Amino acid sequence: VAQARKDGLIDAHQEKSMHDKILQFRAAMDGMYDYTDQPPHFFYIHFLVLLSALYLPLFAIDMAYSSGWGDNKSIQLDILQGVIVFLQCI
């Protein structure tokens with residue numbers, strides 16, 4: 001742009017306008033570059049859905065069993081805790 005101004009191909013108003021457009025383009029490219037290394041939002045949304053649909057109800061059941069359930073609660077509680085550990089490993 002500076003060379004075109006020196007050669008007389010553009011005037012001062014066109015030079016300023018082109019500089020403004022170039023700076024806007026650089027800012028837009030910089031904004032896009034900031035997001036290139038980010039993981040897609042798809043993962044986060046589906047992770048929250050998985051957490052809400054599977055883990056939270058199992059955690060609620062686990063807390064209910066932990067509060068007490070007669071004499072034979074240990075086998076059922078062990079099975080439930082095994083399922084919770086398995087889902088956490090996924």
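All values below come from the heavy atoms of this structure, side chains included, with hydrogens, waters and symmetry mates left out. Everything numeric in this text was worked out from a predicted model, so none of it was measured.
Counting heavy atoms from C-beta outward, Phe25 and Lys21 have side chains that stay 4.5 Å or more apart.
In this structure a side-chain-to-backbone donor-acceptor pair under 3.5 Å is missing from Ser17 to His13.
Pairing each heavy atom of Ile10 with each of Val1, the nearest pair is CD1-O, 3.8 Å. The two residues Pro57 and Ser52 come nearest to each other via the heavy atoms CD-O, 3.2 Å.
Separation of atoms CG (Leu48) and NE2 (His46) is listed at 10.5 Å; rounding is to 0.5 Å. The CG atom of Leu9 lies 9.0 Å from the CD atom of Gln3; values are rounded to the nearest 0.5 Å.
Of the charged side-chain nitrogens involved, at least one lies within less than 4.0 Å of a carboxylate oxygen, so that Lys16 and Asp20 count as a salt-bridged pair.
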